Structure formats: structure tokens, C-alpha cells
Amino acid sequence: MPTARRPLVAGNWKMNGLKSSADEIDRLVTAAGGLKRLDLMVCPPATLVADFAERARASKLLIGGQDCHPEPAGAFTGDIAAEMLADAGASAVIVGHSERRTYHGEDDATVRRKALAAWRARLTAIVCVGETEADREAGRTLDVVGRQLAGSLPDGATAANLVVAYEPVWAIGTGRTPTPADVIEVHGFIRNRLIGRFGPAGEGMRVLYGGSVKPGNARELLTLANVDGALVGGASLKADEFLGIAAAYA
Ligand code: PGA
């Protein structure tokens with residue numbers, strides 16, 4: 001039975017972008033109207049969420065955050081609540097990106113609390129999982145991803161409030177990607193875990209691939225079984241390149 005999952009191509013700008021980057025957003029706003037078969041999203045740094053959301057308001061371009069704190073408010077200097085992202089016009093937030101897990105020591109329990117915070121603020125949680133190179137070489141990929149899913153995904157996930165992003169840590173920003181067979185294996189495994197835990201809703205949840213997605217490899221990677229879009233870092237910073245990736249679904 002064909003599934004009705006609508007692809008999502010999301011750009012993670014990481015710590016890049018200034019007010020002058022709005023030109024790229026304006027170009028995506030214009031292009032988004034013509035993209036009938038997929039959702040397009042940009043997750044800029046927090047300083048740009050409100051401005052970009054305003055520019056994208058009447059369009060199909062979605063704006064998301066890159067991280068949120070578990071709590072709705074309080075004495076957490078430098079942090080941003082999911083409610084603040086929603087207030088600024090975001091409709092989603094990435095949680096558990098490997099750079100947060102590595103540089104900020106976030107464990108699965110923390111990521112789970114952040115996903116719950118996203119839902120509390122009515123944001124879609126884009127929960128990232130993925131193995132390190134050492135994990136893959138040791139044959140532990142599915143163990144690691146399975147553990148991250150079990151620990152990071154809260155109960156109550158639906159196809160509307162959850163997106164999973166599979167991002168092998170060793171593929172992020174390196175120009176290296178898994179083989180199609182490896183992507184199919186991990187995405188199939190994630191799909192089975194989602195269905196096993198959430199029932200039929202798991203069939204509708206989008207599972208994105210992330211890690212060195214470029215216009216040149218997008219079609220090959222993004223049309224594989226159980227790949228429902230991409231989470232794109234470096235290649236999302238320029239509208240042309242990002243749209244070249246979205247063209248995989250044209
Ligand atoms: P990359 O990053 O596309 O630059 O490899 C992906 C990500 O970290 O989401």
C-alpha cells in the first residue's frame with residue numbers, strides 16, 4: 001500500500017546567518033509556492049526566527065528553531081523556550097542534534113524532555129538520532145539508533161507532532177554518506193521501531209536522512225524506501241543549492 005507521507009526538506013543553518021541573509025529566505029518564499037509535492041523548512045539561528053517567520057508568513061515556507069530548553073520559562077541564561085520559538089512564528093524545532101549531544105552533553109532523557117517541550121508549545125519536534133563512526137565500525141549502528149529512539153522519543157508521538165532525522169555523525173559536514181543499502185537498512189529499522197511503539201501512527205511519521213546531502217546526491221538518497229525528506233546543513237545556506245536538493249521530489 002503506498003504511504004501518504006509528504007516529504008519534508010528542512011535546512012539547519014546551525015550558527016550561520018545574519019539579517020543580510022534574508023535575501024535567501026525571500027527567494028525560498030517565492031519558490032515554495034511552486035513546490036507542490038513537499039514541505040520546505042528553514043531552521044535559522046534564534047536571532048532570525050522572528051524576521052524569517054514574518055517574511056514567510058503568507059507563504060508555504062516553514063520556519064523552525066534549532067533547539068529549545070525543556071522548561072517554558074525561568075532562570076536559564078542564554079537558553080530559549082519552545083514557547084518563545086512558537087511566539088516568534090516557528091512551527092517546529094530540532095532537538096537532539098548530534099552537535100547538541102556532543103558539545104552540550106545532551107543525553108536521550110534531555111532530548112526527550114525537549115521534545116515534550118516542543119509539543120507543549122504546539123511545535124513539531126524533529127528528533128535527531130545517529131551513530132558515530134566508531135559505532136558503525138563496531139557493528140553497533142542499529143543498537144545505538146534503537147537506544148536513542150527508545151530514550152529520546154516521548155510517548156504520545158503522532159505523524160503530525162514528530163519527525164525523526166537519521167543523521168550518521170560521521171556523515172555530517174564531511175562530504176561522506178552511507179551507501180543506499182545502509183540508508184535503507186537504518187530507515188527500515190526506524191520505521192519498524194516507530195510502528196512497534198506507536199502503532200499505525202508510526203507508518204505516517206516522516207523519517208528524514210541527514211548528513212552531507214547535496215544537490216548531486218539528493219535524488220539517490222531521498223528516493224530510497226522510508227526516506228521522507230532531508231535535514232540539510234551546509235547546502236541549505238544558499239537558496240539555489242537548497243532548492244536543488246528539494247528538486248529530488250520535483
Ligand atoms: P550537513 O549537516 O548537511 O552539513 O552534513 C547536516 C546536519 O547536521 O543537519
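Computed from a predicted structure; not experimentally measured. The first residue in the sequence is number 1, and the count goes up from there. We count ligands from 1, going down the list as the structure has it; atoms in each ligand are counted the same way.
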Any residue meeting side-chain hydrogen bond (donor to acceptor under 3.5 Å, both in side chains) with W170, in chain and number order, not counting sequence neighbours: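 In terms of side-chain hydrogen bond (donor to acceptor under 3.5 Å, both in side chains), with neighbours along the sequence ignored, W170 is linked to E131.
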Within reach of ligand 1, part of A171 (heavy-atom separation under 4.0 Å):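 For A171, only backbone atoms sit under 4.0 Å from ligand 1.
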Region of N12 engaging ligand 1 - heavy atom pairs below 4.0 Å: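 Only the side chain of N12 comes within reach of ligand 1.
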R197 CZ: over 12 foreign heavy atoms closer than 6.0 Å: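 Counting neighbours around CZ of R197, more than 12 heavy atoms of other residues, nucleotides or ligands fall under 6.0 Å, so yes.
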S212 near ligand 1 by a heavy-atom separation under 4.0 Å: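 For ligand 1, residue contact (heavy atoms, under 4.0 Å) with S212 is present.
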Distance from [atom] to nearest protein heavy atom, with residue and atom:
{"atom": "atom 7 (C) of ligand 1", "answer": "E167 OE2, 3.1 Å"}
{"atom": "atom 4 (O) of ligand 1", "answer": "G234 N, 2.9 Å"}
{"atom": "atom 3 (O) of ligand 1", "answer": "G233 N, 2.8 Å"}

Interfacing atoms of ligand 1 (cut-off 4.0 Å, heavy-atom, G211):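 Going through ligand 1 atom by atom, the ones under 4.0 Å from G211 are 5 (O).
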For H97, atoms of ligand 1 separated by under 4.0 Å from a heavy atom: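 Answer for ligand 1: 7 (C), 8 (O), 9 (O).
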H97/E106 under side-chain hydrogen bond (donor to acceptor under 3.5 Å, both in side chains): CA gap, chis, key distance, verdict: CA-CA 9 Å; H97 189 280; E106 294 186 7; over 6 Å; no
N/O donor-acceptor pair under 3.5 Å between N217 side chain and K214 backbone: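 Pair found, side chain donor or acceptor close to backbone of K214.
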A235 N/O to ligand 1 N/O under 3.5 Å: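 Among all N and O atoms of A235, none is under 3.5 Å from an N or O of ligand 1.
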Check: K214 N/O within less than 3.5 Å of ligand 1 N/O: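 No: no nitrogen or oxygen of K214 is under 3.5 Å from one in ligand 1.
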4.5 Å side-chain heavy-atom contact, I245 and L222: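 Answer yes - side chains close enough.
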S152-D108 side chain donor-acceptor pair, cut-off 3.5 Å: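 Yes, D108 and S152 have a side-chain donor paired with an acceptor closer than 3.5 Å.
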Audit row: K19, D51, salt bridge (charged side-chain N to carboxylate O under 4.0 Å, His left out) steps and yes/no: CA-CA 8 Å; K19 282 195 286 185; D51 178 45; over 6 Å; no
